[in-house]
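Here the structure comes first, spelled out in structure tokens, and everything after it is commentary.
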Protein chains: 2
Amino acid sequence: MPELRRITSADVARRAGVSRATVSYVLNATPGQSISPATRDRVLEAASGLGYAPSAAARTLRTGRSDVVLCLLPDWPIGNEVGNLLGNLSTALAREGLTFVAHPGSREDRPIAEIWKAITPAAVLSFTDFSDGETEAMQAAGVALVVALLGRAGRHALELELPQQLTGRRQAEHLTGTGHRSLGYAYPDDPRLRIFADPRLAGVRAAAGGEPVVRTVPLDPVAAAVAVDRWCAEGVTGICAYNDEVALAVLAGARRLGLTAPRDLAVIGVDDIPAARLAVPPLTTVTTDQGALAAHLATTVVAAISGRSAPLLSAADLVRVVIRESA
Amino acid sequence: MPELRRITSADVARRAGVSRATVSYVLNATPGQSISPATRDRVLEAASGLGYAPSAAARTLRTGRSDVVLCLLPDWPIGNEVGNLLGNLSTALAREGLTFVAHPGSREDRPIAEIWKAITPAAVLSFTDFSDGETEAMQAAGVALVVALLGRAGRHALELELPQQLTGRRQAEHLTGTGHRSLGYAYPDDPRLRIFADPRLAGVRAAAGGEPVVRTVPLDPVAAAVAVDRWCAEGVTGICAYNDEVALAVLAGARRLGLTAPRDLAVIGVDDIPAARLAVPPLTTVTTDQGALAAHLATTVVAAISGRSAPLLSAADLVRVVIRESA
DNA sequence: CTGTTAGCGCATTCAG
DNA sequence: CTGAATGCGCTAACAG
């Protein structure tokens with residue numbers, strides 16, 4: 001078992017027969033420094049030969065900024081879509097030399113400050129809002145950018161708000177486009193989902209002819225059946241569900257009542273989870289191009305870190321309806 | 001806009017009228033140092049008054065170790081269950097003063113070294129295996145613990161291998177317990193899921209009377225129907241599915257053939273996703289106690305970081321069958 | 001041009 | 001309870 005010691009830039013310098021400064025200049029390709037190709041190669045070779053890995057801690061300490069982008073996850077269960085978004089975001093940021101990490105778990109477990117203090121990120125993304133104090137503290141500590149994706153609007157551009165609204169619009173448009181005049185909205189049971197549900201519902205409101213009949217639908221066939229029963233009694237013929245799971249619940253509820261979609265009740269979900277196409281009947285739903293969304297988010301982060309202004313999101317093509325049989 | 005400067009321990013020391021060393025001793029409650037309560041209070045008060053947050057980078061640089069636990073996520077879509085596990089893990093580690101972060105995205109985007117170099121974690125968890133070189137490099141860089149959760153066995157204790165096998169066992173046991181003699185295994189379409197699927201299948205093999213008939217089942221009703229058709233022709237009456245989604249596909253395939261579960265074909269899934277109870281018929285499935293599993297993983301990490309030996313996982317109660325109607 | 005010296009950033013910790 | 005050294009990389013100022 002070899003004695004494992006950390007390899008530092010001093011080791012590389014020694015091996016290459018140069019100073020540590022030179023090593024730094026070569027490895028960072030510092031502009032405005034002219035180093036002879038021969039020296040350069042020697043340094044490069046020494047570095048890779050030794051397997052040199054600069055200490056992120058030292059670099060962060062010195063520059064006051066790491067290349068890590070931290071995403072604070074909400075404490076509700078993250079589904080496929082969010083997972084997908086995170087993966088795409090990670091890929092997109094990697095292309096910019098940034099390391100993406102996500103912190104799951106509620107803010108109650110660990111005060112949010114503990115987390116960014118431990119990471120010293122270049123940017124922090126959050127689905128929910130920060131308090132003013134939190135934002136200030138982070139910026140004081142050198143965090144370049146703080147972005148809230150959803151929540152009450154403030155000085156932040158709520159980057160995810162628009163796509164969510166658009167999602168609702170598309171649902172309502174599809175239903176009204178297929179002749180449904182009286183819509184219902186199947187709201188999720190879990191209060192933590194409000195920050196997603198509210199903008200979606202707002203989108204439905206904006207696109208629907210009249211005010212949709214909102215009803216909370218638990219992920220349970222029996223409970224869902226009573227919601228469906230009432231909707232039908234009120235003459236509602238089309239349901240926009242918060243997501244595919246809620247849509248599946250609506251479908252299950254309808255089935256219990258002997259109703260079939262889309263004839264007795266049209267249902268449209270959100271997300272296009274795998275179970276959607278396997279449902280009875282296959283679920284019509286709305287999907288978001290997570291890759292494009294992630295690319296935009298990445299651009300926003302990079303722009304802000306380097307002081308440039310971020311481009312606007314062109315949301316139009318981001319969201320589209322997947323037509324199957326339920327609506 | 002106030003000029004925001006980072007508050008350092010020197011600021012606290014100045015305000016409290018003591019040296020930086022004293023500040024450090026007080027704030028870290030360093031054992032073997034006797035500091036008078038009066039001084040202690042002055043330091044504490046100064047620190048909170050100024051909103052002092054120790055620089056993680058400096059601390060990491062000095063101690064050579066951060067309090068961050070990094071989890072490398074696989075590049076396949078992470079579902080609810082993994083998300084759940086991560087959340088629980090985060091909570092469990094937070095109780096130990098450790099910060100949990102996850103890095104999504106494939107290793108191709110960013111060489112794995114880039115990632116831990118940017119974080120300097122105390123421990124690294126991964127679902128897949130590391131190469132020997134990677135492990136060595138990490139340990140050389142001061143990473144205390146490297147754990148692979150699944151993959152080819154080596155010097156690591158593959159912590160997740162056992163629960164996965166147990167999952168398969170429970171599926172097979174339930175089916176044989178309800179009179180099924182000839183079992184099929186519905187293998188996932190996505191090759192990236194092998195590391196999960198193989199231990200589960202091994203569990204089924206171990207618990208089933210004979211060798212199950214393995215068939216790949218895509219998440220598509222038509223394709224699933226042909227698989228089901230062949231199973232039935234071979235006299236298979238019970239299907240263990242890789243997970244609930246695959247089980248849903250089997251159910252959809254059976255429905256296309258005019259077969260109904262569980263009479264013509266019993267199906268059991270894994271995960272108990274929300275869609276499972278909403279399926280037609282409601283899906284019998286196997287769940288893992290993610291909280292308990294996360295607690296064990298957290299204990300393992302903490303033990304290893306502090307040099308103690310980790311307890312063995314008592315997996316018996318971890319996995320249980322949720323009986324509904326499909327099997 | 002090419003490369004070096006020196007000091008900084010911040011918390012920890014040993015010897016006083 | 002304090003002074004001073006330490007961990008590692010960056011970079012302005014400077015010498016050959």
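So that the names make sense, note that chain A is the first sequence line, chain B the second, and so on, each numbered from 1.
Among the heavy atoms of the strands lying under 4.0 Å from Ile35(B) are primed sugar atoms or P, OP1, OP2 only; no base atom is included. Counting non-hydrogen atoms under 4.0 angstrom, Val23(A) reaches nothing in the nucleic acid.
Within the 4.0 Å cut-off from OP1 or OP2 of dC10(D), at least one side-chain nitrogen or oxygen of Ser24(A) is found. Here Ser9(A) does not reach the OP1 or OP2 of dC8(D): none of its side-chain N or O atoms lies under 4.0 Å away. The phosphate of dT4(C) (OP1 or OP2) has a side-chain N or O of Thr22(A) nearer than 4.0 angstrom. Side-chain nitrogen and oxygen atoms of Ser55(B) include none within less than 4.0 Å of the OP1 or OP2 phosphate oxygen of dA11(C). For the OP1/OP2 pair of dC10(D) and a distance below 4.0 Å, the side-chain nitrogens and oxygens of Arg59(A) include at least one atom meeting the criterion.
What separates CD1 of Ile7(A) from C1' of dG7(D) is a distance of 16 Å, to the nearest Å. Distance Arg14(B) CZ to dT2(D) P: 14 Å, rounded to the nearest Å. Protein atom CZ of Arg65(A) is 15 Å distant from nucleotide atom C1' of dC10(D), rounded to whole Å. Rounded to a whole Å, the OH atom of Tyr52(A) is 10 Å from the C1' atom of dC10(D). Between Leu61(A) atom CG and dT11(D) atom P there is a gap of 13 Å when expressed in whole angstrom units. Distance, Arg20(B) CZ to dC8(C) C1': 12 Å, rounded to whole Å. Protein atom CG of Leu27(B) is 13 Å distant from nucleotide atom C1' of dC10(C), rounded to whole Å.
Atom CZ of Arg65(A) sits about 11.0 Å away from atom OG1 of Thr120(A), to the nearest 0.5 Å. Summarising the geometry, atom CZ belonging to Arg15(A) is positioned 4.5 Å from atom CG belonging to Leu50(A); distances are rounded to the nearest 0.5 Å. Expressed to the nearest 0.5 Å, how far NE2 of His296(B) lies from CG of Asn88(B) amounts to 14.5 Å. Rounded to the nearest 0.5 Å, atoms CD1 (Ile195(A)) and CD (Glu161(A)) are 9.0 Å apart. For the atom pair OG1 (Thr91(B)) and CD (Glu96(B)), the distance works out to 12.0 Å, reported to the nearest 0.5 Å.
Residue Ala21(A) has its side chain nearest to dT4(C) when only dT13(C), dG3(C), dT4(C) are considered. Distances were taken from every side-chain heavy atom of Ser19(A) (C-beta onward) to each of dT2(D), dC10(C), dT4(C); the shortest belongs to dT4(C). Taking every side-chain heavy atom of Asn28(B) into account, dT12(C) is the closest of dG3(C), dT12(C), dC10(D).
The base of dC1(C) has none of its N or O atoms less than 3.5 Å from a complementary donor or acceptor on the side chain of Tyr25(A).
Mapping Ala57(A) and Ser36(A) onto DNA chain C via the closest heavy atom, the residue that lands nearer the 5' end is Ser36(A). Each of Gln33(B) and Arg62(B) has a nearest nucleotide on DNA chain D; the 5'-most of these lies closest to Gln33(B).
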